Number of protein chains: 2
Amino acid sequence: MTGTAPETARRVTSVARVVEEIRAMLRARELVPGQQVRQESLAARLGVSRIPVREALKSLEAEGVMRHEPHVGYTVTRLNADELAQVYLMRRALETEVLRALPRLSSAQLGELTRLNEAIGADVERVDVAGIVAGNQAFHFTMFGYSGLDLVVEEIDRLWRRSEPYRTVHLYDAESRRRVMREHRKMITALRRGDTEGVVTLMNAHRDLTVSDLHAALGLPPS
Amino acid sequence: MTGTAPETARRVTSVARVVEEIRAMLRARELVPGQQVRQESLAARLGVSRIPVREALKSLEAEGVMRHEPHVGYTVTRLNADELAQVYLMRRALETEVLRALPRLSSAQLGELTRLNEAIGADVERVDVAGIVAGNQAFHFTMFGYSGLDLVVEEIDRLWRRSEPYRTVHLYDAESRRRVMREHRKMITALRRGDTEGVVTLMNAHRDLTVSDLHAALGLPPS
DNA sequence: GTGCGGATTTTTGGATACGAAATGTTGTCC
DNA sequence: GGACAACATTTCGTATCCAAAAATCCGCAC
């Protein structure tokens, strides 16, 4: 992907790369909540020294993804059922604000959302779960982005990342996968009508179903 | 304050200390939005090497207080009027959730809030602005804490810190200082009645006044 | 065998020094 | 005045080293 990229190849720092690698490891469930992260081995694995790794971990700690205990080390944050519920409570509160701030969308914007949802459809056919997760995120954040509330959207992004280690579990049965697409289509319809409150309601139902899927899949983690 | 502290003297890392020092510099307006931070000079000033400084800055960057541009350096995040409004929008959304989750407070809890508000009163007499700011924060977060929604409260804390460089300006006239105390008293009264919605309304008015004070004091920053 | 206490090993926290890369600045030439 | 090249500054990243704190291991007493 870095390959021969011409101009967009923004010379990125090691730290940013390490952060992304760690996120990918979380999505791939190569790192799971509660697990301890060894600085040295992670550095060796990513081909960098310990310093950028430590900076990356500090960054993820500030974000809530990692936990740090002095002289013991970093572990992936483990959320219990109550904490996970709080993350979703915050998502509901902030996403509602963003949706209420949406202007009437142009047909180009509506077309883009439709296109993104159809891309999810293709991944559903292929049963490409990672693709569905990525596509779903793209769909939601493209919609949020139309609000113009960039700081709020960034904050929502942080909240999504915080539940990343937990979010990948659901979507295992074919029915939930198709349901996601259907609900997205309903949202697009409501947006076309300019029915903001309708979108808020749909989104809340959409999110709540994800939460209950998640609870079922996890059987509410003990700690 | 660290002094001879016996057991509670949790051996704290340099990084945590540097983060706190930077926050203090922000409160003291020794660092102002847009200003560039030189790693080496900051390290020398705080008597540490560059490593903990860089980790501290990364942490503050993830929090939104600092901005980083590769090979150029860190600068204090500068918020324009619109962005500041977004921070306050998020505060309203999340603080409302927290207040709605408040249980009926015990008389000990109500007493504690009263005590904290009276402490602010003492600082108002002394015209100790830094003390008022600290006391105000203590009052609000003690109240928020009673909700039990610790993750949401942490997030609100982050939002407060994000507007820290801007928040210290208001409270310059005697009347606003006394107004703060009066409004706090009204909130305590509403809490005693268990009137959650009343507290939400009072808090929104309280916050909005701060925002307009702030806008007036800053004359909405240009960038 | 089991539990306890101390020594060893591992890991983290931090300092220092160095090289490489990028940015910004200065000065010269046209 | 504007373009371009040399220079200084700063950041990014590595390597190496040491201290301190944890975790682990081991032997001893019971």
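Reckoned from all heavy atoms, side chains included, excluding hydrogens, waters and symmetry mates. Letters A, B, ... mirror the listed sequences (proteins, then strands); counts begin at 1. What you see is a predicted model, and the numbers here were worked out from it, not measured in a lab.
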All ring-ring contact (aromatic ring centres under 6.0 Å, His included) counterparts of His206(B), not counting sequence neighbours: His140(B), His184(B)

Qualifying residues under ring-ring contact (aromatic ring centres under 6.0 Å, His included), relative to Phe144(A), sequence neighbours excluded: Phe141(A)

Listed partners of Arg50(A) passing side chain to side chain donor-acceptor pair (under 3.5 Å), at least two apart: Gln39(A)

Residues which pass side chain to side chain donor-acceptor pair (under 3.5 Å) with Glu63(B), listed by chain and number, not counting sequence neighbours: Arg23(B), Arg161(B)

Sequence-distant partners of Glu55(A), salt bridge (Lys or Arg N to Asp or Glu O under 4.0 Å), two or more places apart: Arg54(B)

Base versus backbone protein contacts along nucleotides 10-16 of chain D [heavy-atom cut-off under 4.0 Å; B, S, -]: SSBBB--

